[in-house]
Amino acid sequence: MRRVRAAVTEAPGAPFTLRDADIEDPRPYEVLVRMTAVGICHTDLTMRDTWPRRLTPMVFGHEGAGRVEAVGAEVTGIAPGDHVCLTFASCGACEQCAAGHPAYCHSARARNLSGGRDDGTTPLSLDGTPLRAGFFGQSSFATHAVVHERGVVKVDSDLPATVVAPLGCGGQTGAGTVLNRLRPEPGSSLVVLGAGGVGLSALMAAVAVGCDPVVAVDPVASRRALATALGAEAALAPGDGLVAALRDLTGGGAHHVVETTGRPEMARRAVGALRPRGELALLGLGGEVTFDVMGLLAKGVRVHGVIEGDSDPGRFLPELISLHRRGLFPLDRLVTTFPFEDIDAAVAAMGDGSVVKPVLTFT
């Protein structure tokens with residue numbers, strides 16, 4: 001056991017409170033990581049506000065980067081001192097994991113959204129009582145995290161932790177949707193609805209593989225400006241006439257639309273912006289969406305629900321890092337850093353749109 005500092009959510013919707021807690025030593029297949037940076041994702045905030053009361057107090061955070069301090073007796077390929085990116089948990093043995101699609105692991109909910117390990121235990125405690133953790137296999141809103149080895153990807157030590165951290169979820173979700181699921185042909189058109197961290201990651205991936213045109217939609221002017229700086233041909237504000245404008249920009253309709261806002265009305269607009277046999281990828285957490293089925297059938301639209309970019313992190317994250325090093329995935333341009341102690345300010349900045357990807361840093 002060792003002492004850690006964690007941002008604790010005491011009840012559903014409650015603000016983060018910095019508390020001292022205790023963390024267990026890693027089990028045989030686990031790794032203890034000292035955090036150097038952690039991104040804040042909208043999923044952290046959405047889940048915090050809707051989290052079951054019976055699973056509180058809880059530690060969220062799922063875009064961790066850090067250095068390994070200790071490993072369990074059965075861990076291979078990871079050693080103390082390694083620089084690592086933390087990502088979601090999966091079993092490695094089920095049908096989906098074996099096929100290279102661990103984001104759809106049969107035990108994904110138990111391993112990522114149960115408030116603990118898949119056996120119901122938690123490595124954290126608060127004043128001697130269990131502190132719920134294991135969010136996306138990590139709970140990285142803390143100075144340390146205990147993570148199963150499958151959720152740990154080794155990275156080069158010269159890569160800034162502020163770039164590594166968002167790769168664990170937002171970066172791979174947006175980019176993976178384009179590169180792993182949609183796989184657009186060069187010259188095909190792609191529209192991104194929502195220019196946050198996920199949307200802009202999708203945009204950068206689309207630009208990297210030669211989509212043309214790439215168009216972004218977002219209500220915040222600074223995000224639209226960033227989208228065009230990252231390679232979008234146009235960036236539009238949502239509003240009346242949006243579907244017609246998108247169809248005009250894409251020569252009669254987009255080949256692909258990536259919807260990241262989770263807003264049902266934007267998903268319906270996305271269908272209207274597609275050309276016949278176009279593809280819609282839904283990424284945002286939102287409510288139910290009602291589609292005109294005849295409209296989908298008549299246009300031959302394919303709808304994809306995508307989690308974590310349908311990526312196998314051990315394979316895909318090195319690919320993204322390679323794109324970053326070549327200047328084709330400039331994830332650092334999305335990042336604004338805050339000290340871990342300023343987590344509330346970081347959340348507020350993301351909420352008002354002034355920051356795209358807040359990343360907390362640890363001293």
Can you tell me how far apart [atom1] ([X]) and [atom2] ([Y]) are? Round to the nearest 0.5 Å.
{"X": "Leu193", "Y": "Glu265", "atom1": "CG", "atom2": "CD", "answer": "10.5 Å"}
{"X": "Leu283", "Y": "Glu308", "atom1": "CG", "atom2": "CD", "answer": "10.0 Å"}
{"X": "Leu334", "Y": "Leu230", "atom1": "CG", "atom2": "CG", "answer": "6.5 Å"}
{"X": "Leu18", "Y": "Arg5", "atom1": "CG", "atom2": "CZ", "answer": "5.0 Å"}
{"X": "Ser140", "Y": "Leu86", "atom1": "OG", "atom2": "CG", "answer": "6.0 Å"}
{"X": "Leu320", "Y": "Ser311", "atom1": "CG", "atom2": "OG", "answer": "8.0 Å"}

>> Can you see whether Thr261 engages Glu259 through a side-chain donor-acceptor pair at a distance of less than 3.5 angstrom?
In response: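 Present: a donor and an acceptor within the cut-off.
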Please table the atom pairs, donor to acceptor, closer than 3.5 Å between any side-chain atom in residues 152-171 and protein atoms at least two apart or in another chain.
residue	atom	partner	partner atom	Å
Asp156	OD2	Arg325	NH2	3.4
Asp158	OD1	Arg325	NH2	2.8
Asp158	OD2	Arg325	NH1	3.3

>> Let's go through Thr56 and Glu10 carefully: what are the C-alpha distance in whole Å and the side-chain angles of both, what is the deciding distance for side chain to side chain donor-acceptor pair (under 3.5 Å) to 0.1 Å, and is it a yes or a no?
In response: CA-CA 6 Å; Thr56 58; Glu10 303 283 356; over 6 Å; no
Do [X] side-chain atoms and [Y] backbone N/O form a donor-acceptor pair below 3.5 Å?
{"X": "Arg150", "Y": "Ser90", "result": "yes"}
{"X": "Ser188", "Y": "Pro184", "result": "no"}
{"X": "Asp44", "Y": "Gly61", "result": "yes"}
{"X": "Arg132", "Y": "Pro57", "result": "no"}
{"X": "Thr121", "Y": "Arg117", "result": "no"}
{"X": "Glu30", "Y": "Arg27", "result": "yes"}
{"X": "Thr87", "Y": "Gly151", "result": "no"}
{"X": "Asn180", "Y": "Gly309", "result": "yes"}
{"X": "Arg269", "Y": "Leu242", "result": "no"}
{"X": "Ser139", "Y": "Gly134", "result": "yes"}

Are any of the side-chain heavy atoms of [X] and [Y] separated by less than 4.5 Å?
{"X": "Pro358", "Y": "Ile40", "answer": "yes"}
{"X": "Val356", "Y": "Thr336", "answer": "no"}
{"X": "Leu360", "Y": "Thr36", "answer": "no"}

> Between Phe135 and Phe60, does the ring centre distance come in under 6.0 Å?
Replying inline: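 Close enough - the centres of the two rings lie under 6.0 Å apart.
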> Could you go step by step and tell me if Asp312 and His101 meet the side chain to side chain donor-acceptor pair (under 3.5 Å) rule?
Replying inline: CA-CA 6 Å; Asp312 181 348; His101 302 283; over 6 Å; no
Are there more than 12 heavy atoms of other residues, nucleotides or ligands under 6.0 Å from atom [atom1] of [X]?
{"X": "Arg54", "atom1": "CZ", "result": "no"}
{"X": "Arg268", "atom1": "CZ", "result": "yes"}
{"X": "Met1", "atom1": "CE", "result": "yes"}
{"X": "Glu95", "atom1": "CD", "result": "no"}

> Any link between Val215 and Leu190 through a network of hydrophobic side chains (Ile, Leu, Val, Met, Phe, Trp, Tyr) touching at under 4.5 Å?
Replying inline: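 No, because Val215 and Leu190 fall into different hydrophobic clusters, even though each may have its own neighbours under 4.5 Å.
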> Is Ile307 reachable from Val192 through a run of hydrophobic residues whose side-chain heavy atoms are each under 4.5 Å from the next?
Replying inline: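 In one cluster with Val192: Ile307, yes.
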> With a distance cut-off below 6.0 Å to the six-membered ring centre and an angular limit of 45° from the axis, does Arg48 pair with Phe16 as a cation-pi contact?
Replying inline: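 Ring-cation test returns yes.
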>> If you apply the rule side chain to side chain donor-acceptor pair (under 3.5 Å), what do you find for His304 with Glu279, and how did you get there?
In response: CA-CA 7 Å; His304 302 263; Glu279 297 185 77; 2.7 Å; yes
> Where does the angle between the aromatic ring planes of His148 and Tyr29 fall among parallel (under 30°), tilted (30 to 60°) and perpendicular (over 60°)?
Replying inline: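 Parallel: the ring planes of His148 and Tyr29 meet at under 30°.
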>> Out of the candidates His144, Glu69, Glu24, only one should pair with Arg2 under the side chain to side chain donor-acceptor pair (under 3.5 Å) rule; please name it.
In response: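 Checked His144, Glu69, Glu24 against Arg2; only one passes side chain to side chain donor-acceptor pair (under 3.5 Å): Glu69.
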>> Is there a ring-ring contact (aromatic ring centres under 6.0 Å, His included) between His62 and Phe136? Walk through the geometry before answering.
In response: CA-CA 6 Å; His62 65 292; Phe136 279 73; 4.5 Å; yes
